[in-house]
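Structure record follows, encoded as structure tokens.
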Amino acid sequence: MVSVNIDGCGSFVSAADYNSYVQKALAAYDTLQAGNGEGNDFLGWKSLPVDIPESLIRDCEAVRDSWAGLNVDLVVVIGIGGSYLGARCAVEALSHQFLRTQSAPRIVFAGNNLSEEYLAELMDLVSQSNVACVVISKSGTTTEPAVAFRIVKEYIEKTYGKSGAASRIVAVTDAVKGALKTLATREGYRSFVVPDNVGGRFSVMTPVGILPIVLAGFDVRAILKGAAAQREALMERSADNPAVRYAAMRNLLYGVLGKKVEILVTFNPKLQYLGEWWKQLFGESEGKDGKGIFPASVVCTTDRHSMGQFIQEGDRVMFETTVVVENSNREVVIGSDPDNLDQLNYLSGERVEHCNSMARIGTKLAHIDGGVPQIEVCIDRISPESLGELFYFFEFACGISAYVLGVNPFNQPGVEAYKKNMFALLHKPGYEAMTEELEKRL
Ligand code: PA5
């Protein structure tokens, strides 16, 4: 289970302030659990780990098996924001970083940007592959995935015919509304539903995450099991509840010490996309009404050699939350060298993970000395279960934290502004007045 260590904040905050923020976090916990706060029509995520029916997982496995029957070796997963980051986080965390170790097809992600070069190079790969596609959009109208899907769909239809396309394209979207739902119905694509009461960034345990994870060959039941166990562990209303402690401390650091930036730190490159998923979760949930902690992330020790200087000695605006992985899944021991020209013999016989741990602990102490409070979110090892634990822990803590901050955790009104400008600048019908106004500013 996830545990939270806030010892690294002890020299920065008073016990009285901490206790007062724990009381605020407990009140926010009550609001979240009673379901009577703002955005309470988007609380479906809370029970997903226990609500997901076995039949849904079997339906995802049926897609996997039917594509195996077609010898599909590449699946393009199209989606953006909450419609891709959770799946990408799980796939990156669980995959071998260099080799293909599962018999499952290769998974690539698209529709998360509008770069022409990205799409052109994607199509270079697609044209050399036996391809299938999962297109994910809750609204069914988001431009980035729609553009990517139009291009991939056209290729699939040309290569495999209309009926071939119907067996190689699966849509994950709203049950009834949106352009993607209409298209899926018309073209006869298999479809999975994103529940109405689950927002994008909380949707990793719906078909949005489950289908790509199953297609990538990973154990989604274990992810759900880990999430369900974490949910159970967070049910206790207590000052010791790890989500309450995390939410209380981060709000205290923000509200009393003025720490406006939280950096999620990992010491394993496999968790890079945990940082990306976490940034969206907290950024979209809290950054509104002129408030919010700016979420950033680093992967160490890599980024100690780029961001380390600033974190140690730059403007004292930040605190760090390190995801501590207690055990490595693999063992690599440093050998002995009679010449010792690299002067590393003092480490011979040590595991590399020991060096990684000492780098982490050394950094923690240095950053405390440098005025950067340290929170640790600890898991046993990288596994499907612990990913489920982390997903649920951060979602639940985010709900509490945003209520402490006094914002609606479950809306994202600010995301619309750029979209409207983009539509106007692209001359989308219906945006004529705005087009004229914006073009005058250019
Ligand atoms: O969290 C969110 O709601 C957003 O990031 C969405 O997931 C993102 O904009 C994609 O939306 P959609 O699934 O409707 O295409």
Side-chain angles (χ1 to χ4, degrees), residues 38-46 48 76-90 109-114 119 133-153 169-184 189 191-213 273-288 292 295 297 391-392 394-399 401-402 407-423 428:
E38 273 194 287
N40 60 2
D41 41 349
F42 282 98
L43 290 176
W45 58 271
K46 280 175 58 190
L48 282 175
V76 181
V77 176
I78 295 177
I80 193 167
S83 289
Y84 106 101
L85 283 165
R88 186 153 195 182
C89 168
F109 294 89
N112 52 67
N113 62 68
L114 282 170
L119 272 174
C133 172
V134 178
V135 53
I136 307 172
S137 177
K138 187 181 181 196
S139 63
T141 54
T142 308
T143 309
E144 292 89 338
V147 167
F149 182 53
R150 185 178 273 217
I151 290 160
V152 173
K153 171 174 161 285
I169 294 173
V170 173
V172 181
T173 189
D174 189 86
V176 286
K177 57 181 190 298
L180 181 57
K181 177 64 195 168
T182 308
L183 183 73
Y189 301 154
S191 300
F192 290 83
V193 173
V194 190
D196 272 345
N197 61 354
V198 180
R201 57 192 174 277
F202 289 84
S203 69
V204 59
M205 282 175 265
T206 71
V208 170
I210 291 175
L211 179 59
I213 292 167
Y273 267 85
L274 177 70
E276 300 304 320
W277 172 83
W278 172 89
K279 283 191 283 195
Q280 190 207 0
L281 180 67
F282 279 84
E284 274 193 2
S285 299
E286 293 193 325
K288 53 196 72 158
S297 65
F391 284 141
Y392 199 86
F394 279 126
E395 288 177 0
F396 197 80
C398 183
S401 187
V407 298
N408 177 349
F410 306 115
N411 66 0
Q412 54 283 329
V415 180
E416 293 309 309
Y418 102 89
K419 289 188 195 168
K420 286 184 194 145
N421 283 356
M422 177 177 71
F423 291 148
K428 185 171 178 171

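Not measured: the values here are computed from a predicted model. Both counts, for ligands and for their atoms, begin at 1 and track the order of listing.
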Residues with a heavy atom under 4.0 Å from ligand 1, by chain and number, are Ile80, Gly81, Gly82, Ser83, Ser137, Lys138, Ser139, Thr142, Gly200, Arg201, Gln280, Glu284, Gln412
Taken to the nearest 0.5 Å, the spacing of Ser285 OG from Arg201 CZ works out to 3.5 Å
Tyr189 meets the side chain to side chain donor-acceptor pair (under 3.5 Å) criterion, sequence neighbours left out, with none
Open item on the list: Over 60° means perpendicular and under 30° means parallel, so tell me whether Phe282 and Trp278 are parallel, tilted or perpendicular.
Closed with: tilted
Heavy atoms of Ser137 and Thr142 approach each other most closely as OG-OG1, 3.7 Å
Rounding to 0.5 Å, atoms CD (Gln280) and CG (Leu85) come to a distance of 5.5 Å
Taking every heavy atom of Ala184 against every heavy atom of Ala171, the minimum-distance pair comes out as CB-CB, 3.9 Å
